[in-house]
Each structure stands twice: as structure tokens, then as C-alpha cells.
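These figures come from a predicted structure and were not determined experimentally. We name chains A, B, ... by the order of the sequence lines, and we start the count at 1 in each one.
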Amino acid sequence: MTATLEAAAPSPAGEIPSFTVTLRIRRFNPEVSEEATWEDFTVEAHGTDRILDALHKIKWDEDGSLTFRRSCAHGVCGSDAMRINGRNRLACKTLLKDVNPDKPITVEPIKGLPVVKDLVVDMEPFFASYREIMPFLITSGNEPSKERYQSPEDRAKFDDTTKCILCAACTSSCPVFWTDGQYFGPAAIVNAHRFIFDSRDEGGSQRLEILNDKEGVWRCRTTFNCTEACPRGIEVTKAIQEVKRAMITRAF
Amino acid sequence: MAHGTAAVAKVDSPRSPYVRRKTTRGNYELYSWVFMRASGVVLLVLIFGHLFVNLMVGDGVHAIDFGFVAGKWSNPMWQVWDLLMLWLAMIHGTNGVRTIINDYATRDLTRGILKGLLLLAFTVVVVLGTLVIFTFDPCPPDAPAELLASFCTA
Amino acid sequence: MPTAPAGTLYRGREGMWSWVAHRVTGVLIFFFLLVHVLDTALVRVSPEAYNAAIGTYQTPIMGLGEAGLVAAIVFHAFNGIRILLVDFWAKGPKYQKVMLWVVVGLFVVTMAGFLPRHLINVFTGGH
Amino acid sequence: MQTHQYDVVIVGAGGAGMRAALESSKEARTAVISKLYPTRSHTGAAQGGMAAALANVEDDNWEWHTFDTVKGGDYLVDQDAAEILAKEAIESVLDLERMGLPFNRTPEGKIDQRRFGGHTRDHGQSAVRRACYAADRTGHMILQTLYQNCVKQDVEFFNEFYVLDLITDHDLTTEEIADGEEVNATGVVAYDLATGEIHVFQAKAIIFATGGAGKIFKTTSNAHTLTGDGMALAYRRGLPLEDMEFFQFHPTGLAGLGILLSEAARGEGGILRNSEGERFMERYAPTIKDLAPRDIVARSMANEVREGRGAGPNKDYVLLDLTHLEPAHIDAKLPDITEFARTYLGIEPYTEPVPVYPTAHYAMGGVPTNIKGEVLRDGVNVVKGLYAAGEVACVSVHGSNRLGTNSLLDINVFGKRSGRAAAEYAKTASFHELPEDPTVRVVEQLDEMRNRPDGERIADIRKALQDTMDLNAQVFRTGDSLNAALADIRELQKRYRNASVQDKGKLFNTDLLEAIELGFLLDIAEVTVVAAINRKESRGGHYREDFPNRDDANYMLHTMAYRRPTAASDQAEGHVEGYFDHVEEFDGYKVVLGSKPVVQTRYEPMERKY
Ligand SMILES: Cc1cc2nc3c(=O)[nH]c(=O)nc-3n(C[C@H](O)[C@H](O)[C@H](O)COP(=O)(O)OP(=O)(O)OC[C@H]3O[C@@H](n4cnc5c(N)ncnc54)[C@H](O)[C@@H]3O)c2cc1C
Ligand code: HEM
Ligand code: SF4
Ligand code: F3S
Ligand code: FES
């Protein structure tokens with residue numbers, strides 16, 4: 001081995017001193033007890049560490065039974081939405097130093113979906129609502145042999161809502177969804193928006209019809225929790241309002 | 001299966017197949033949403049006018065008595081004003097409370113009962129209020145004169 | 001029923017708290033309205049009955065309550081306009097927080113105009 | 001235990017798996033089994049683009065694309081496959097557009113294209129705009145669009161099911177099977193994470209689309225879940241793995257974290273600089289500079305660092321400079337990756353250069369297949385009813401180094417092909433008998449791991465593995481470093497046999513599954529290193545400092561690695577005296593290396609210069 005290989009393990013920009021943080025995690029394991037409990041863990045962390053890193057440290061070094069979902073670790077797969085210090089966030093996108101590590105950081109599962117174990121919730125109801133709004137391009141008539149054209153301006157109309165990673169941070173931050181699990185929820189509306197405002201799509205009015213449901217867009221009370229929670233920075237409430245306005249224009 | 005472990009109780013499959021209870025489409029929620037906003041704007045004018053006249057002009061609350069009311073309702077403008085305010089506010093408020101019931105009462109039965117009560121309150125108040133405004137006599141013949149408005153000159 | 005230690009309160013921001021306030025004030029006004037229509041209906045019974053009822057509004061305690069009610073209405077009304085702007089103005093969602101602070105500002109101004117006069121009326125004025 | 005029967009079973013719901021599902025579910029009863037919800041698959045992390053010679057913005061054609069692919073792969077590419085890739089690229093991009101993918105558009109409304117490393121016009125004249133893209137979330141849009149169409153077609157998914165075994169009707173690890181004799185894949189065994197229950201899927205055709213294995217390294221752009229499951233399963237059942245020594249290190253990972261900043265950053269004009277502010281790529285690749293293929297750029301960067309021109313307090317990274325670009329342009333074309341720099345390093349890319357260093361990115365090797373996607377069990381014969389597509393597979397369109405944007409293309413072209421082929425096959429084939437108890441191996445493995453009282457922690461072993469791989473088998477390799485890695489891996493294999501998990505439950509036991517995944521990682525790291533030791537030349541992503549030149553005379557062959565019982569013969573298909581007759585003995589089994597010729601159609605190997 002050559003000496004130069006040492007350089008192959010770079011350290012993060014600048015040397016950041018380590019510090020300790022306490023995570024107060026809401027634990028629940030139906031195999032052990034029907035009750036959820038709070039449990040504190042203290043771990044050593046560095047400046048660029050995220051909540052996910054801290055959770056991994058706990059799982060890998062302290063308590064292997066701590067259960068949570070994760071995959072990409074950089075905010076693009078939508079696996080690890082959870083409630084950190086009272087707000088929905090992605091664990092992999094939240095730096096410890098940004099959530100005041102001086103006090104214990106509370107970590108809970110997202111609200112409104114049945115908890116399966118620790119930080120894992122049942123995502124089926126969430127995806128079911130998503131599937132209901134016909135989240136696919138609907139067109140009729142002859143397919144062009146080349147691509148369909150779309151002007152950059154038309155493309156821009158739904159750009160924001162194409163960013164959704166279906167993490168459920170929005171839907172599970174919505175006060176209406178907490179108490180009324182039948183509400184379609186912002187994520188489903190965002191994904192409907194993505195198609196309703198796509199100039200190539202012809203299924204807009206069907207989707208509007210679906211969301212005109214008692215549990216559809218009118219359920220939204222513009223509390224903006226969804227917009228605040230969205231890790232992709234999607235202007236969720238704005239999208240919902242655009243859908244509402246489209247319905248009104250259609251009705252009058 | 002042979003691979004049983006120390007696991008305790010048998011737990012139900014955590015991933016429930018999920019179905020929407022029922023779909024209800026139609027423009028009802030849409031109209032009610034639009035109504036909330038339209039009535040809100042109108043109410044803003046009506047209520048602020050009402051409050052201003054009742055609480056700010058002259059002696060404020062202390063000026064309110066039978067005579068004051070009678071004085072107002074002898075004017076058809078105020079009659080229409082208050083009638084409109086009554087109706088709009090009641091529909092607006094009732095509809096608002098209906099939403100709230102939908103939000104917090106998750107069981108169908110509870111929802112039903114609460115909405116029934118709401119409807120009852122709404123009907124009673126609106127009917128009563130309307131009757132009062134329309135059948136109101138500013139100068140009831142057998143009342144002591146000092147309680148009446150000044151224009152009730154016997 | 002298992003008594004699990006409760007999860008924490010969701011730490012929503014301006015949008016959520018303004019909605020909570022809007023909802024609370026809405027319900028408050030609604031229940032007041034029920035009572036208010038009933039007491040006003042007493043004008044049909046007799047002037048004495050009405051004046052007796054309305055007399056209770058004129059006690060300082062009710063006067064304070066009334067101030068609260070006006071506050072509720074004022075907030076609900078101004079915030080209602082904010083909601084309307086969020087709904088119908090394309091830039092509304094973007095400026096919702098700013099607008100909430102405007103609502104709060106207007107609320108303070110209005111109450112500053114109303115309260116002194118009202119309180120003076122309640123505590124000093126009268127018959 | 002539950003048993004299911006489907007015509008086609010697809011393992012993996014990433015781009016390749018879902019593209020296959022869209023084809024096969026039209027013709028045959030199809031189930032997709034995935035250990036993640038489909039939209040969580042790592043295809044969604046892909047940023048830059050998908051290559052196709054649409055010629056929407058610049059003169060281009062698929063032959064140039066073929067040439068670039070072959071040259072980019074340092075001529076270890078099977079050229080018949082590369083031709084298909086480049087030719088069918090156009091159709092696959094249009095397919096996606098028709099399915100609704102929101103590509104960025106040109107002012108005329110056509111699909112916009114941008115530059116990417118190694119893609120050139122007219123055989124290397126200058127960089128060409130060939131990558132179709134949707135901002136810097138092309139993979140995300142592909143994954144979403146494919147999932148959306150699966151919803152439309154009502155494709156059946158089994159989400160959060162881990163496939164843990166492949167069932168075949170012959171035991172390939174022990175039986176000597178005559179040339180041409182039929183071997184059939186009959187089903188898979190899966191573990192339902194939510195309940196801990198075992199499911200057996202009997203199928204006429206099975207498609208593996210389980211993605212990559214980046215987690216054998218510490219610094220990687222890959223997801224925690226990319227643990228080489230499909231490769232390891234096939235390998236354990238006696239199927240060969242091809243070209244595993246070739247692992248791509250992407251030049252621009254966020255320093256220290258490995259999170260990827262797409263090559264699109266350079267495609268849009270970003271420049272790599274060393275501590276002196278010098279645009280050092282001008283020295284290494286004078287024509288296309290920062291847009292040279294990844295192996296070259298990654299090596300150049302590592303070289304700058306080791307010659308002391310690295311930036312930062314420890315001089316251990318270089319800088320990606322975007323500061324000369326308009327913020328509006330950055331926002332329009334690269335919003336996500338600039339946000340990564342902000343979120344994770346606190347760097348504002350408008351005004352500050354971003355610290356970057358190579359990160360383990362892509363496995364060029366994998367389960368060998370032919371151009372129909374059928375899996376090979378040796379140099380020539382296929383396993384009937386078994387297909388593979390995507391990063392798990394090696395059709396060898398990438399040779400020894402994949403060009404950026406060719407992988408999203410690969411998953412679409414070969415995903416589609418394998419889906420079609422599988423459905424086609426399932427129509428005529430019949431179900432094959434499953435063994436008496438198909439789950440024994442899996443159940444034993446799980447029980448052993450779960451019930452072992454108190455052993456070493458899985459995480460410690462995994463960390464040791466990743467550390468040694470980063471140290472010894474990364475951008476620069478030598479015989480010594482690789483042997484050190486192999487020695488470490490052997491040690492870790494032993495330790496793994498005594499490791500235990502803390503979570504003993506059945507419900508959502510991710511502790512247990514991480515342990516199983518570590519087993520896959522160890523096996524994959526092992527073949528990777530063994531194959532790398534054997535290849536005493538430098539080619540594409542595999543750079544041996546002790547053998548810095550390409551050696552076409554001896555090594556213009558694909559490596560085929562087999563795992564065999566110690567008692568089996570030491571000769572593998574494609575055994576070449578001296579070069580591909582490497583055998584490595586382990587406790588209880590051995591790794592035998594053979595080879596497979598490279599298919600050449602029209603491009604003669606040349607020196608690779610940019
Ligand atoms: C950060 C990043 C950026 C990239 N950018 C580009 C780019 O710009 N252009 C380009 O062309 N390529 C790019 N690539 C490469 C490309 O994205 C991948 O090679 C490609 O997406 C792999 O797709 P796949 O379908 O083979 O696998 P994946 O998308 O990784 O899917 C694997 C699937 O298999 C499932 N699975 C795995 N194991 C099991 C098991 N045991 N049981 C059941 N299911 C299992 C998983 O759940 C998942 O659904 C990038 C890669 C990365 C990491
Ligand atoms: C003064 C003028 C008023 C305005 C501008 C106004 C405006 C609004 C608006 C726009 C809403 C809809 C909020 C939403 O959909 O999220 C609303 C809701 C509501 N309003 Fe009013 N309103 C006014 C007066 C009243 C009055 C007099 C009452 C009581 C009778 C009332 C009770 C309610 C209730 C209960 C709700 C439902 C709250 C909720 O769902 O959270 N409002 N108001
Ligand atoms: S809209 Fe945002 S918060 Fe909601 S699911 Fe999509 S990405 Fe997550
Ligand atoms: S949080 Fe809920 S109420 Fe509307 S604005 Fe968002 S959906
Ligand atoms: S792990 Fe993928 S979003 Fe956090």
C-alpha cells in the first residue's frame with residue numbers, strides 16, 4: 001500500500017468539534033407492550049451529522065431494536081419523514097446543530113397514520129389516497145410518433161409539484177388529516193396538481209371531480225403546515241389553492 | 001412455521017388494506033366553501049356597521065335599551081340590515097361549526113347527533129329571529145311610555 | 001385503553017396558529033350569536049323583559065366579555081380577509097405570514113380605537 | 001408460510017424493475033417484489049440525465065453514441081449490446097415522454113438536452129448535448145413516471161418484501177451440468193418485513209432488478225439499501241458474476257459525505273479547481289477537460305490531492321466551482337444539488353466553490369446476461385426463465401467504465417427488453433416443480449442469526465468492511481492493497497458467523513435484515529477484490545498502480561467469478577492459462593475465475609485519449 005492512499009479518506013470541510021446530544025425517542029413495539037414510551041439516548045455527534053446519523057449510531061451501537069425507515073440518506077427517497085422537535089422533517093435532511101442540540105431532541109413518528117413500530121407507520125392509507133387521484137398522464141387520440149411538444153412556459157406551470165417524493169411529511173402534518181384520516185391529504189392533491197396543470201394531460205376534469213369529494217380539497221383549511229413541512233420546498237398550499245380555483249372556474 | 005421466536009403476543013398484520021369508506025362527489029362542498037367567503041365579506045360590512053352603531057356611537061352599550069332597538073327597527077334599512085346579518089351569520093356560523101364537527105367527530109353516530117343538534121339550534125334561532133324582526137312593534141300599546149322610543153307619542 | 005404518554009404538541013407555525021385562532025373565534029361568535037338572538041327576541045315579549053336582559057350586558061363583567069367578543073369578531077373578520085386573499089390572490093400563499101402580521105397589526109389598531117371608549121362607557125358612563 | 005403463483009415475478013421496483021413490469025404485466029400475470037416502496041428506490045436519486053441521440057439541439061446520431069459508450073468503457077464493452085443501447089435509446093426516451101415524464105424543454109417545446117462526460121460528436125471531436133433531463137432530478141422523474149404508469153396498469157406490488165433466495169431446479173454450486181442442459185429458475189423466497197412471515201413465489205419467469213452494491217464502500221453515493229442482494233443471491237446459487245472489479249467512482253461527491261453532485265454541474269459549465277485555483281483537468285484531458293469520463297476525472301482529482309494540491313485544512317479534496325454561473329441558471333438547471341451543498345456543508349454555491357471528492361457510485365459488473373436479458377450460467381448457456389436488468393445485471397454495455405446518463409438508459413432499454421422476453425417466455429413455458437421445502441435455507445439463516453445469543457455487532461463488521469474497501473480498493477489499487485483488503489474480508493467473514501442481532505422480534509425487524517444484507521455485502525466485496533487482484537492491468541474504473549497500462553493482449557476479456565464448493569474443479573468456463581485461472585480458497589468454498597470474450601463489432605480498441 002502506498003502512503004498516498006491515506007488521503008483517500010477525506011474529512012468534512014473544516015474540522016468540526018464533536019458534541020453530545022440527547023435524543024428523546026418515542027418507542028413502541030406491540031410485541032412487547034401496547035404502550036408507547038419515551039426513551040432517552042445520548043450520542044456523540046459532529047457538526048455535519050444529521051438526525052439520521054444519530055439514529056444510526058443508536059441503532060448500531062446501543063439498541064439494535066430501534067426501528068425506522070431510511071434509504072437514500074440525502075433527502076430524495078422520502079423514507080424517513082418523522083416528527084423532530086414537534087415538526088415533520090426528514091431525518092436525513094435535518095442537521096443536529098440546526099435543531100438546538102443543547103436540549104433533548106424529541107423524535108416521534110409522523111401523526112395520523114397507524115404506528116407499526118417505533119418510528120415506522122403504516123403507509124398504506126397514504127398511498128391509497130395517492131392512487132385514487134389517478135396519478136398518471138391521461139391522453140386520448142393518436143399518439144404522436146415523436147415526442148409531444150410542450151412549451152417551457154407550460155412546463156413551468158407544474159414544475160413545483162413534480163418534485164414530490166411521497167414522503168408524507170405534508171399529509172401527516174395536516175391538522176385536518178390527524179382527526180379525519182379519510183381526507184385525501186395534501187400529498188394526493190399535489191400529485192393531482194402535477195397532472196391537472198400539465199398541458200399534455202386530458203384527465204384534468206376527472207381528477208377535479210375526484211377531489212371535489214367531501215374529503216377532497218375543500219377539507220383544506222389553509223393551515224400551511226404542509227408547506228412548512230415539505231422537505232422538497234414545494235409550495236403545497238399554493239398548489240392546493242390552484243386546484244380549488246380550477247374547480248371553481250369549472251363550476252361557474 | 002418453524003422459525004418462531006421469543007416474540008410475545010401475536011400481532012395483526014400491520015399493513016391493513018385500505019379502502020375509502022365512500023366517495024361523495026358533487027358540488028355541495030364547493031358551494032359551501034364559496035359561500036363562506038362571500039358571506040364573510042358581506043358580514044364584515046354588516047357586523048362592523050352593527051357594532052359601530054351599537055357600541056361606539058353615543059354612549060355605547062349603555063345607550064342600548066328597548067327604545068334604542070325600537071328606534072332602529074322602525075327604519076326599514078336597519079330591518080333589512082339585521083335580517084341579512086342574522087341569516088348570513090347563522091348560515092355562515094352553522095356551516096363553520098358543521099366543518100368542525102366533521103373534523104373532530106370521527107364516529108358516524110356522534111357526527112349525526114351533533115349535526116342534528118346544530119340543525120335544531122340553527123332553525124330555532126333563525127325562525128325566532130326572523131319573526132322578531134318582522135313582527136316587531138316599536139310602540140307596544142301597553143308599555144310604559146318612558147321605556148319607548150321618543151317617536152311613540154301615544 | 002392503554003394510557004400511552006402522549007406525543008408532543010405539533011409545533012406548527014403562523015399558519016396553524018392563525019387557523020386555531022380563527023376556529024376558536026368562529027365558534028365563540030357562533031355561540032354568542034345564539035344567545036344574542038335569543039335575548040334580542042325578548043323585545044317581542046316586553047320592553048321590560050328586554051331591558052332587564054340587556055341590563056346584564058351593562059355590568060362591568062359583561063362589558064369585559066363584550067370586549068372579548070368584539071376582539072374575537074375583529075380578529076375573525078380580518079383573518080377572514082387574509083384567508084380570502086390566500087384563496088384568490090395568486091401571491092396570497094406566499095405572503096400569508098406577512099398578511100397575518102398585518103391582520104395582527106390592524107387588530108391592535110382597531111382594538112386601540114375601540115377599547116378605551118368602550119371601557120370608559122362600561123365603567124363610568126351610564127345612567 | 002404463504003405460497004403465491006405468478007407468470008412473472010420481478011424482484012426490485014427501481015427503474016429497471018418497473019420498466020420490465022410495465023411490459024410484462026400487459027401480457028402475463030406479474031408480481032413485483034421490492035424491499036422498498038417503489039418510489040423509494042435509488043433510481044430516484046439519479047440527477048443528471050438520460051442519454052439518447054435525439055439530435056434535438058445539436059447534430060447527433062446513435063452511432064456516435066455507440067462509439068462513445070465503447071470508448072468510455074475502455075473497449076471492454078460488448079459492442080452488440082452497446083449498439084442496441086444507443087439505437088433503442090431514442091425510442092425509450094420517447095416512451096417515457098409519452099408516459100408523461102416532464103422533461104425540460106427547448107424554446108420550441110422539444111425535449112431539451114445537455115452535455116455530459118464522455119459524450120461527444122463525431123467520435124470525440126467535441127462535447128455534444130445528448131443527455132435528456134428534467135432539471136437535476138431526472139432519475140426521480142423516471143422513477144415517479146414509471147410508478148405512475150404501474151398504478152395505471154394496476155401492477156401488483158409486494159412492498160417491503162425482501163427476496164432472500166432464488167430457487168432453481170439444479171444445484172449449480174455442486175452439480176456438474178452438461179453444456180446445453182436445461183436449468184430452470186422456478187421461484188424466489190421472500191421475507192415480509194412487516195410481519196416476519198416467509199412467502200414463496202413460484203414463477204415461470206423471474207427478473208432480477210435489485211440495483212447496485214455501493215454499500216461495500218464507506219464513501220458512496222448509494223443508498224443504505226443498495227447492498228447487492230440480487231448479485232449475491234445469484235452468486236450464492238452458483239451463477240457467475242461478471243466484471244465485478246470494475247466499480248465506478250464518481251468524481252464529485254460532497255467531500256466527506258459522498259452525496260452526489262451530478263456531472264450535470266460540469267455539463268452546465270462547472271469547473272474543477274485545485275487549491276491553487278488551477279483548472280487542473282486541462283492537463284489531464286485537454287480536449288474535453290472537466291467533461292472527460294468519470295474514471296479519468298476521479299483519478300485526476302485523487303492525483304491532485306496526493307500531490308499536495310488538495311484544498312481545505314487537510315488538503316484532502318478539490319473544489320467544484322460554479323461561482324461564474326448565473327444564480328438564475330443554477331436555480332433552473334441544478335436546484336437540488338446546490339441545495340445539497342447548502343444543507344449538508346453549509347456552502348453557498350453561488351459564491352463559494354464546493355468541496356468534492358470521488359465517491360463510490362456504480363457497479364459496472366453484475367449478473368451476466370445476454371442482450372435479451374437472460375441470465376447466463378456460464379460463458380454461453382442461460383438459466384431458463386431467469387432474467388436480470390439494471391445495475392444488478394451486466395450485459396456489458398458499460399464495459400470497464402460507465403458513461404454518465406447511460407445507466408438510466410440501460411435500465412429503460414434492458415428493463416423493457418427483459419420484461420418483454422420474460423412475458424413472452426412465460427406464455428409458452430409451464431411452472432416447474434418447487435423443491436420439497438423451498439424455504440429451509442432462508443429459515444435456517446434467519447433463525448441462526450436471530451437466535452444466536454450474544455455476538456458481535458453487525459454494524460462493527462460492516463464498518464470494518466467499508467473502511468478497508470475505501471482504503472484499499474478505491475480509485476487507486478495495488479496488488480498489496482487488494483490483498484490487504486482480501487485478508488480483512490476473510491477475517492470479517494469469520495466474524496460475521498458469530499455476529500448476532502439485538503432485535504429478536506418478528507415485526508418490522510430491520511436489525512435482522514441489516515444483518516442479512518451485511519452477508520450480501522461481504523460476498524460482493526469478496527468477489528470484487530478477488531477479481532481486482534486477478535486483473536493485472538489498468539482499464540476504466542479499475543486502476544492498478546502496479547500495472548498502470550491497459551493490457552489488451554491478456555485482459556481483453558470479461559471476468560467471470562464463480563463460487564464453488566472446495567471439492568469442485570478449479571476450472572471455470574473461459575479459463576485462460578495464467579490470466580483467468582485464479583482460484584481463491586476460503587473456509588468451506590472457493591472463488592474460481594473464468595472469462596468470457598468481449599463482443600466486438602466495428603470499433604477496434606484504441607488508446608483512450610480525450
Ligand atoms: C446519486 C446517483 C446519481 C445518479 N445519476 C445518474 C444519472 O444522472 N444518469 C444515469 O444514467 N445514471 C445515474 N445513476 C445511476 C442510476 O441511477 C442507477 O444505476 C440506476 O437507477 C439503477 O436502477 P435499478 O433499477 O437497477 O436499481 P434501483 O433503482 O436501485 O432499484 C433497486 C430495487 O431493488 C429492490 N431490491 C433490492 N434488493 C432487494 C431484495 N433483496 N428483495 C426485494 N427487492 C430488492 C429495491 O427495493 C429497489 O426497488 C445515478 C446513481 C446515483 C446513486
Ligand atoms: C365578520 C366577518 C366574517 C368574516 C370575514 C368571516 C370569514 C370567514 C371565512 C373566510 C371562513 C372560512 C375559513 C376556512 O374555510 O378556513 C370562516 C369560517 C368560520 N366562521 Fe367566519 N367570518 C365572519 C363572521 C363570522 C361570524 C359572525 C361567525 C359566527 C356566527 C363566524 C363563524 C365562523 C365559523 C364557525 C367558521 C368555521 C371555522 C373553521 O372551519 O375553522 N364567522 N369565516
Ligand atoms: S408534497 Fe412534499 S411533503 Fe408532501 S409528500 Fe410530497 S415531498 Fe413529501
Ligand atoms: S396542512 Fe392541511 S389544511 Fe391545508 S394547507 Fe396544508 S392541507
Ligand atoms: S433517507 Fe431518503 S429521504 Fe431520508
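Here the OG1 atom belonging to A:Thr227 is positioned 7.5 Å from the CD atom belonging to C:Gln96, to the nearest 0.5 angstrom. Distance NZ/A:Lys238 to NZ/C:Lys94: 8.0 Å, rounded to 0.5 Å. From C:Tyr10, atom OH reaches atom SG of A:Cys174 across 10.0 Å, with rounding to the nearest 0.5 Å. The OG1 atom of A:Thr237 sits 10.5 Å away from the CG atom of C:Asp87 when rounded to the nearest 0.5 Å.
Put simply, the side chain of A:Arg83 reaches to within 4.5 Å of the side chain of C:Thr8, judged on heavy atoms. Between A:Arg221 and C:Arg23, the closest side-chain pair of non-hydrogen atoms falls below 4.5 Å. The shortest side-chain heavy-atom distance between C:Trp19 and A:Phe224 does not fall under the 4.5 Å cut-off.
Of the two parts of C:Lys91, neither the backbone nor the side chain holds a non-hydrogen atom closer than 4.5 Å to a non-hydrogen atom of chain A. Interface residue A:Ser173: backbone and side-chain heavy atoms are both found under 4.5 Å from chain C.
Between chain C and the residues A:Ile240, A:Ile248, A:Asn85, A:Thr106, the most heavy-atom pairs under 4.5 angstrom are made by A:Asn85.
No more than 12 heavy atoms of other residues, nucleotides or ligands sit less than 6.0 Å from atom NZ of A:Lys103. Counting non-hydrogen atoms of neighbouring residues, nucleotides and ligands closer than 6.0 angstrom, the CH2 atom of C:Trp101 reaches no more than 12 such neighbours.
Under a 4.0 Å N-O distance rule, the pair A:Glu228/C:Arg11 does not qualify as a salt bridge.
Looking at every heavy atom in both residues, A:Arg245 comes nearest to C:Val86 through NH1-O, 4.3 Å.
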